[in-house]
Protein chains: 2
Amino acid sequence: MDRKPNNQTTAIWVLLNIAHKRVTQTFEAELKRARLPSAAWYDILWALERAEEGMRQNELERQSLFDQPNLSRTLKRMVDEGLVTQCPAPNDRRGRELRITEEGKALRSQMWKVYGGLMLSEIEDKIPAEHLSGLIDGLASLVPEKDEKLEGKLKTARETAINPPKGSY
Amino acid sequence: MDRKPNNQTTAIWVLLNIAHKRVTQTFEAELKRARLPSAAWYDILWALERAEEGMRQNELERQSLFDQPNLSRTLKRMVDEGLVTQCPAPNDRRGRELRITEEGKALRSQMWKVYGGLMLSEIEDKIPAEHLSGLIDGLASLVPEKDEKLEGKLKTARETAINPPKGSY
DNA sequence: AATAGATACATGCACATGCATCTATTATTT
DNA sequence: AAATAATAGATGCATGTGCATGTATCTATT
């Protein structure tokens with residue numbers, strides 16, 4: 001007879017789904033209420049704002065949670081809105097060099113007022129201090145270190161933690 | 001000047017997204033590889049299998065992560081596949097009484113072989129013992145206790161943890 | 001008992017997502 | 001150098017999701 005998941009495993013699986021849905025829905029709802037784009041757009045804008053000298057599209061794909069086709073389309077919409085520019089990449093004629101526009105920076109700054117506030121109200125204020133590191137370590141153990149696709153994202157997580165946007169609060 | 005989220009808050013927000021996406025994608029990919037329906041279908045089947053004497057659709061809505069229109073459509077597909085029956089509710093002619101069919105039970109049992117295995121390989125085997133309770137408590141603190149919409153789901157989490165499917169492993 | 005409001009569920013529509021595939025370009029092999 | 005494979009990115013299609021709204025029924029108010 002096979003092994004079966006224990007109670008704690010089940011609780012984690014269920015809570016991971018519930019907590020994620022609850023928190024992301026709150027983020028999306030509040031952003032929409034403020035007539036702002038989704039959190040995914042914020043993440044793209046912020047990644048590009050940190051990359052002063054532009055960023056290749058495939059690099060952004062690695063750092064983001066988008067798959068390639070979805071990122072392609074999302075960027076197209078953002079270009080249409082004047083938030084991002086897509087130039088041919090210098091040394092690779094297949095590639096695209098992405099850059100945030102001034103409008104993009106302005107929008108990100110606007111969004112940060114809501115987005116940053118939600119991080120405080122929905123996360124920081126809700127988690128008791130004694131559970132902070134356990135939650136971080138527990139979540140991190142679910143993500144494979146060697147997975148290239150996610151390594152960049154973890155690095156980004158640390159950078160974002162250490163170096164929050166200037167002039168946005 | 002406003003408060004700004006600290007490093008740990010940022011790490012949690014990023015990791016919550018990465019971990020959730022990573023784990024759910026693995027679940028969905030493996031289920032698809034085994035030519036089985038999505039994890040959401042499993043959850044519905046399992047909820048209905050536990051409700052021996054049937055379950056009202058709005059009650060299932062409360063216990064699941066579906067919103068109402070989406071649950072309505074998903075159930076329609078499941079009825080079309082012969083996994084679930086939708087009868088008029090006895091005391092409320094607006095309502096529907098849901099019941100799992102024998103085929104539905106058989107499918108859930110099939111799915112459990114994959115689903116349960118994934119809970120072991122993607123969660124139980126990855127989280128070191130010392131982080132288990134921290135992860136559970138941390139995630140739980142993100143979910144509002146008084147939120148009626150989620151209370152049932154937390155209860156379900158505990159029940160599921162305590163009372164795993166019989167004859168499915 | 002008549003009306004107003006709430007609830008249960010379904011449907012239409014816009015948009016996001018996953019997946020397969022296509023084109024163009026670059027890298028590798030022989 | 002030619003052929004093959006690998007990579008960057010775009011696009012088509014099927015499906016899932018959120019949100020607004022519609023219809024039927026039930027509940028509460030007067």
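In the text below, chain A, chain B and the rest are named by the order of the sequence lines, each starting its count at 1.
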**Message:** Can you build the contact string for nucleotides 18-24 of chain D? Use B for base contact, S for sugar-phosphate-only contact, and - for no protein heavy atom under 4.0 Å.
**Reply:** BBB---B
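For B:Arg94, the side chain to side chain contact (heavy atoms under 4.5 Å, CB included) criterion is met by B:Asp92, not counting sequence neighbours. When the salt bridge (Lys or Arg N to Asp or Glu O under 4.0 Å) test is applied to B:Glu130, no partner is found at least two apart in sequence or on another chain. Residues passing the salt bridge (Lys or Arg N to Asp or Glu O under 4.0 Å) test with A:Arg35: none are found, sequence neighbours excluded.
Nearer the 5' end of DNA chain D, as judged by each residue's closest nucleotide, is the contact made by A:Arg56, out of A:Arg56 and B:Ala40. Residue whose closest nucleotide on DNA chain C sits further toward the 5' end, between A:Asp92 and A:Trp41: A:Trp41.
Side chain of B:Ser64 to backbone of B:Leu60: a donor-acceptor contact under 3.5 angstrom is found. Looking at A:Ser109, its side chain never comes within 3.5 Å of a backbone N or O of A:Lys105 through a donor-acceptor pair.
Residues from residues 74-87 of chain A lying near DNA chain D, meaning a heavy-atom separation below 4.0 Å, are A:Lys76, A:Gln86 in numerical order.
A salt bridge links A:Glu122 with A:Lys126: the distance from a Lys NZ or Arg NE/NH1/NH2 to an Asp or Glu carboxylate oxygen falls below 4.0 Å. A salt bridge between B:Arg108 and B:Glu49 is present, with a side-chain N of the basic residue lying under 4.0 Å from a carboxylate O of the acidic one. A salt bridge links A:Glu124 with B:Arg3; the closest basic N to acidic carboxylate O contact falls under 4.0 Å.
Nucleotide D:dT30 forms a Watson-Crick or G-U wobble pair with C:dA1, both donor-acceptor distances falling under 3.5 Å.
Atom CG of A:Asp125 has more than 12 heavy atoms from other residues, nucleotides or ligands within 6.0 Å.
Bracketed by its first and final contacts, the part of DNA chain C lying under 4.0 Å from non-hydrogen atoms of chain B reaches from C:dT7 to C:dG18 in 5' to 3' order.
Ring pair A:Trp41/A:Tyr115: centre-to-centre distance not below 6.0 Å.
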